[in-house]
Amino acid sequence: MKGKFPVDRFASIQTPFYYYDMELLRQTLSAINQEAGKHEGFVVHYAVKANANPKVLQAIRQAGLGADCVSGGEIQAAIKAGFPASKVVYAGVGKSDWEINLGLDNDIFCFNVESVPELEVINELAAARGKTARVAFRLNPNVGAHTHANITTGLAENKFGIAMRDMESVIARAGELPNIKFVGLHFHIGSQILDMGDFQALCNRINDLQDQLERQRITVEHINVGGGLGIDYAHPNRVPIPDFKAYFDTYARQLKLRPGQTLHFELGRAVVAQCGTLITRTLYIKEGAVKKFAIVDAGFTDLIRPALYQAYHKIENISSDLPLESYDVVGPICESTDVFAKQIDLNQSHRGDLMAIRSAGAYGEIMASCYNCRPLPKGYTSDEI
């Protein structure tokens with residue numbers, strides 16, 4: 001074993017594959033429960049879109065978290081993993097009829113609604129089933145986040161949510177619909193946020209909105225602030241668990257909850273990113289005109305974040321203790337963007353060496369594709385290897 005990886009046991013497994021450190025996942029979940037549990041009314045849901053590996057979902061469900069879903073398929077995965085429907089929230093800007101009906105049939109906790117047309121469709125489908133749908137309105141708070149432009153979601157220019165100016169009229173419209181029950185407000189400003197000031201800005205906006213609603217004698221039972229807490233991609237060994245204390249304490253200090261209100265969170269990346277690693281095998285070392293390439297058998301079909309977001313993932317040669325050399329680590333996909341890293345130092349590498357692409361537990365396996373007719377990577381846990 002080199003470091004945290006059972007390299008000898010990896011030798012017989014077809015690469016590329018995902019490896020999940022279940023002990024780290026359980027420690028992360030324990031930290032979440034410990035810090036959130038210090039504050040009355042805090043409820044944590046796991047954002048299934050980050051990783052829906054069945055064994056990962058089961059561990060999260062066993063820790064008592066709810067599920068935040070953004071598709072009918074995610075609702076099905078959550079229910080199959082044992083999440084109680086009473087802890088399932090369903091968001092998404094484009095919910096289809098079958099997905100809404102699935103939520104209604106399972107009596108999920110809440111639909112996070114993003115437009116008046118969606119609200120009216122939910123009412124119509126609920127009426128056909130003789131049900132009342134609980135809804136929270138996702139408001140676009142026009143709060144920027146210090147993160148990549150492609151993963152901001154709380155700006156007025158983004159497709160998500162209802163404009164703040166329409167908040168009161170939308171709540172009034174809900175009151176006119178017989179098969180709708182308004183239960184809360186929902187927000188989400190982005191992902192991979194490490195500056196607690198961004199969350200403080202969201203709290204300030206929510207405080208103002210609640211004051212505005214109270215002047216109209218409108219009360220809100222639930223506030224949902226989404227997720228967004230980031231991780232340390234540069235130091236997965238040194239900082240394997242995010243600073244949940246600072247995160248939850250920020251909301252406890254800055255958000256003025258009303259008596260009896262519950263505060264819901266939808267954490268995804270912060271829960272699973274550090275426990276997951278993409279393991280890939282070196283196919284060739286290629287000497288270019290100006291650089292050296294380590295060509296591996298994983299590609300952006302297996303981990304698209306570097307190509308899509310120019311995202312950084314720490315890469316380690318877990319087969320070698322030789323001196324460091326500089327490499328571009330690239331995959332086999334027939335695209336110039338199939339590059340995991342450029343000019344990074346790795347232990348001297350050879351054909352057959354195993355590389356570990358770290359912090360890949362979120363938006364890794366779940367976003368894999370079959371482009372170039374490649375098979376999807378398999379996921380294995382430390383409990384089974």
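Counting only distance, with no hydrogens or angles, the side chain of Asp195 and the backbone of Gly197 share a donor-acceptor pair below 3.5 Å. No donor-acceptor pair closer than 3.5 Å links the side chain of Asp345 to the backbone N or O of Leu324. Judged by distance alone, with hydrogens and angles left aside, the side-chain atoms of Asp211 form no donor-acceptor pair with the main-chain N or O of Asp208 at under 3.5 Å. Formation of a donor-acceptor pair under 3.5 Å by the Asn372 side chain with backbone atoms of Arg374 is not found in this model. Using modelled atom types, no side-chain atom of His45 and backbone atom of Ala47 make a donor-acceptor pair closer than 3.5 Å.
The pair Asp383-Lys55 does not count as a salt bridge, with every side-chain nitrogen at least 4.0 angstrom from each carboxylate oxygen. The pair Asp107-Lys131 counts as a salt bridge, with a side-chain nitrogen and a carboxylate oxygen less than 4.0 angstrom apart. Of the charged side-chain nitrogens involved, none lies within less than 4.0 Å of a carboxylate oxygen, so that Lys95 and Glu114 do not count as a salt-bridged pair.
A 6.0 Å sphere centred on NZ of Lys286 holds no more than 12 heavy atoms belonging to other residues, nucleotides or ligands. Within 6.0 Å of NZ in Lys256 there are 12 or fewer heavy atoms belonging to other residues, nucleotides or ligands. Shown here is Lys292, whose NZ atom has more than 12 heavy atoms of other residues, nucleotides or ligands within 6.0 Å. At most 12 non-hydrogen atoms from other residues, nucleotides or ligands lie less than 6.0 angstrom from CD of Glu40.
Of the N and O atoms on the side chains of Arg269 and Ser191, at least one donor lies less than 3.5 Å from an acceptor on the other residue. There is a side-chain donor-acceptor pair under 3.5 Å between Tyr371 and Glu335. A donor and an acceptor atom, one from each side chain of Asn179 and Arg129, are nowhere located under 3.5 Å apart. With hydrogens and angles left out, the side-chain atoms of Asn317 and Ser349 include a donor and acceptor closer than 3.5 Å.
Interatomic distance, Asp232 CG to Arg358 CZ, rounded to the nearest 0.5 Å: 11.5 Å. Rounding to the nearest 0.5 angstrom, the gap separating the CD1 atom in Ile100 from the CG atom in Asp105 is 12.0 Å. A distance of 9.5 Å separates CE in Met367 from CG in Leu303, rounded to the nearest 0.5 Å. The line from CG of Leu322 to CG of Leu346 is 12.0 Å long, rounded to the nearest 0.5 Å.
Ile162 and Phe182 fall within the same hydrophobic cluster, defined by Ile, Leu, Val, Met, Phe, Trp and Tyr side-chain heavy atoms under 4.5 Å apart, directly or through other members. Tracing side-chain contacts under 4.5 Å through hydrophobic residues (I, L, V, M, F, W, Y), one reaches Val225 starting from Leu229; they form part of the same cluster.
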**Item:** Check against side chain to side chain donor-acceptor pair (under 3.5 Å), Asp249 and His39
**Value:** CA-CA 8 Å; Asp249 284 355; His39 308 289; 3.0 Å; yes

**Message:** One pair to check against side chain to side chain donor-acceptor pair (under 3.5 Å): Glu99 and Tyr90. What are the steps and the verdict?
**Reply:** CA-CA 9 Å; Glu99 292 172 312; Tyr90 176 28; 3.3 Å; yes

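Here the two rings, on Phe83 and Tyr46, have centers that are 6.0 Å apart or farther. Taking the six-membered ring for Trp and the full ring otherwise, the centers of Tyr247 and Phe265 sit less than 6.0 Å from each other.
Between Tyr20 and Tyr18, the angle of the ring planes stays under 30°, which puts this pair in the parallel group of the 30/60° scheme.
Side-chain contact between Leu119 and Phe111 is absent, with no heavy atoms from C-beta onward closer than 4.5 Å. Leu209 has its side chain out of reach of Val220: every pair of non-hydrogen atoms, C-beta onward, lies at least 4.5 Å apart.
Residue Tyr380 forms a ring pair (Phe, Tyr, Trp, His ring centres under 6.0 Å) with just one option from Phe10, Tyr19, Phe17, and that option is Phe17.
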